[in-house]
Amino acid sequence: MQTLKTKVMPFVKIELTREGVTREQKQQLISGVTNLITEVLNKDPQLTHIVIQEINLDDWGHGGEQVSVLREKGITANKK
């Protein structure tokens, strides 16, 4: 009996709030995550898919409030 080897296609979805992430930053995320998957899981980078989805601040909530409201209060995820 012959065993078929299948190549599992890694798929990574990154969700971010829509707050001005640049094209260059997105490229760095795609490259960095692809490299990490390649190094850690030994996966073929040509079969690795990265999707970045930006979400409006009104459509993302945390702690019972919209992120848009949290931003108005000065609450961010930025390092200080």
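Here the side chains of V12 and H49 are not in contact, with every heavy-atom distance at 4.5 Å or above. Between D59 and V67, every side-chain heavy-atom pair lies at or beyond the 4.5 Å cut-off. Considering only heavy atoms from C-beta on, H62 comes within 4.5 Å of L70 through its side chain. The closest side-chain heavy-atom distance from L29 to I50 is not below 4.5 Å. Side-chain atoms of Q46 and M9, non-hydrogen and from C-beta on, never get closer than 4.5 Å to each other.
Under the 3.5 Å distance criterion, the side-chain polar atoms of Q66 are matched with a main-chain donor or acceptor of D58. The backbone N or O of I55 sits nowhere less than 3.5 Å from a side-chain atom of R18 that would complete a donor-acceptor pair.
Summarising the geometry, atom CD belonging to E54 is positioned 11.0 Å from atom CD1 belonging to I14; distances are rounded to the nearest 0.5 Å. A distance of 10.5 Å separates CG of D44 from OG1 of T34, quoted to the nearest 0.5 Å.
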Intermediate values then yes/no, salt bridge (Lys or Arg N to Asp or Glu O under 4.0 Å), E15 and K13: CA-CA 6 Å; E15 294 181 333; K13 182 176 181 182; 3.3 Å; yes
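Taking both residues in full, the closest heavy atoms of L16 and W60 are given as C-CZ3, 3.9 Å, listed atom of the first, atom of the second, then distance.
Electrostatic pairing of E65 and R71 does not count as a salt bridge here, judged by no charged N lying under 4.0 Å from a carboxylate O.
V33 pairs with exactly one of I30, I37, L36 by the side-chain contact (heavy atoms from CB on, under 4.5 Å) rule, that one being I37.
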